[in-house]
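To keep things clear, I will list the structure first and then write my remarks on it.
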Amino acid sequence: MKKLLVVCLLFVSVFSNAQQTDYVDFRRAEALLVFNQLAVDSTTYNSYEIDFKILKPTDSIYIDAVNMKFKHVALDNSTATFKNDGKRLIVFNDFKPNESYKLSFVFNNAPKKAMYFIGWEHEGKNQIWTQGQGKYTSNWLPSLDDTNDKIEFDLKFLAPKKYEVISNGILKSKSDNLSNILWEYDMQKPMSSYLVAVAVGVYNKKTETSKSGIPLEYYYYPEDSLKVEPTYRYSKQMFDFLEEEIGFSYPWQNYKQVPVHDFLYAGMENTSCTIFSDAFMVDDIGFNDKSYVNVNAHELAHQWFGDLVTATSGEHHWLQEGFATYYALLAERDIFGDNHYYFKLYESAVDLGRQDLAGEGTSLLNAKSSSLTFYQRGAWVLHALRGLVGDDVFKKAVKAYLDKHQFKNVKTSDFIKEVERFYGKSLNTFVDVWIKQKDFPVDAAFGLLQNESTFINEYLMVDCQAKTSKCEEYLKYYVSDEAKVKVISQMPELVTSDTFKHGFKVRQAISQYVRQIPKAIKEDYETLLDDKSYVTIENALYNLWTAFPEERAKYLSKTRNVVGFNDKNVRLLWIALNLNTPFYQADNKQGLFEELVGYTDERYNADLRMNAFNYLNLMDACNDTCKSNLEKAKSHHNWRMVKFAKEMSEKLENKK
Ligand SMILES: [Zn+2]
């Protein structure tokens, strides 16, 4: 009896510790997803077929499939014995090693996450998009939550005619099917399931071709044609640069970028199909403040680091995020120059140092590390490592690492091993200090910056808190714009008429830090309202309106047609200031107030809604419509919106 119990426990523990990847290798999946309308549809069945090879004998295999229903489950075309436990489809059979099988079924899904149906109450703004990482593709498509089994996914979609359907791989065919279109996508190589994606919506696209012949497809909303150039600026240059710099050809058939409404993150590197937040769709002015360049480069770099080679587990997450951050930085260096590169490294070193001081630092190999650690410390590791081993060794090692592990999974030691091989020496000390130890080596990092960049040396030298006597001169004479910004942030009272003659960043810093405007610089300050920056205009309008009440009408008239980013930052401030300027356009106040309340409606993007809610809250003017929209916002798919709505509701309650 006792013995039996032990045997049972053993059996249970072996079963739960074994990885399915030891027993079965899934090869290729083919699915047809039907979107009769762009909404969750519990009546539609989608079809699915997957090939796999058995590595070790087993009596069952499973596929992750959350909250789905199955019919016609068949193994090699014969009815199969299966169980659906709500999380997995488990198929029972006497599976023999080295044999290949084909599993097929039809399934119905009703995803609560990972696939999002956006704005479908509002004609024309309908979208479907997916987010697999962190949310699991298995919520909408039977697949594997484990990143360690890579599958070739060939997906087909049936969708109403007016929509574009964009997914992984190349579009093999597009054919009419009554009122729908059948879209057939083809991948040639395998990927981890979290990288499978689809976006459905009304889009146009612009296509370029890389130097190496890869088609680059830039999607956009039809009404955004003027934003295409600024949004996608440098895309081709960065693509060509990264292929050359990494030294390994882009591994997929094409590269697509698709903006979507209220995305959960800045961007997501789905294989050959990056999805990004449409907040990055900017015009020529918005480009100066909030460009897509960095996110664009980061997601592109992931196509190698993350998609081609994928970390085996969270412990090695920096092999994705650290590499993507580092290579994005290199691509930006190619566009914006060395100073930009070193300044970003400087900023991240400061942040990492602060994180340690707050007691929140972790080893880079801790799966629970902050994004700051995975992304910025990871990038720093590569910068420092390259400095140590030299360009030549570094590039050879990266290429060898990709060659050896392409379409497979990797650990930190896989990368280090390649570098050591070309370097010819052990990297143990380097790994201990830069990767393993809890604290970021902040002194070593600053030492590198000071050795490598006179620009950073100068920036560190300019410090008005340590030495005020020279600061007036710094604003006049030649130090970098970044150093001038630092002076202005420390001693805004030093700004004179001459300071306005400097560049974009200096003028923006004036709008940000010089909030009490002396009469002597009033006229110069007013010129900020003409700057090509929505941040500068927003700051300057508010500060001028506050400082010179007698001129309010003038400032409002000058900025009445400026809208700003996709959260309409300038427009909303303008409305709020107008409502607080009684003598200005007195008869139009009600209309403006209704416009402001209107922006809280669910047909607008989350950033705009939050901005509008904030102003209404500040003005103590959240009326019934505003309150009812706030209530609806609590069930939004975007967690930032939900958090905001709950917090603001609480504030309103407390005010009562
Ligand atoms: Zn990333």
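Remember, it's 1-based here, ligands and their atoms both numbered in the order they're listed.
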(message) Among the N, O or S atoms of His302, which one sits nearest to the Zn ion (ligand 1)?
(response) NE2
(request) Determine which of the N, O or S atoms in His298 is closest to the Zn ion (ligand 1) and give its atom name. (result) NE2
(request) Indicate if the distance from the Zn ion (ligand 1) to the nearest N, O or S atom of Glu321 falls below 2.8 Å. (result) yes
(message) Between Tyr48 and Pro142 (side chain of the first, backbone of the second, donor and acceptor by atom type, cut-off under 3.5 Å), is there such a pair?
(response) yes
(message) Closer than 3.5 angstrom, by distance alone: can the side chain of Thr231 be matched with the main-chain N or O of Lys227 as a donor-acceptor pair?
(response) yes
(message) With salt bridge (charged side-chain N to carboxylate O under 4.0 Å, His left out) as the criterion, how do Glu482 and Lys486 come out once you've worked through the C-alpha distance, each side chain's angles and the decisive distance to 0.1 Å?
(response) CA-CA 6 Å; Glu482 283 78 3; Lys486 187 174 173 187; over 6 Å; no
(request) Please collect all salt bridge (charged side-chain N to carboxylate O under 4.0 Å, His left out) contacts where either partner lies in residues 234-247, sequence neighbours excluded, each pair once. (result) Lys236-Asp240, Glu245-Arg386, Glu245-Lys395
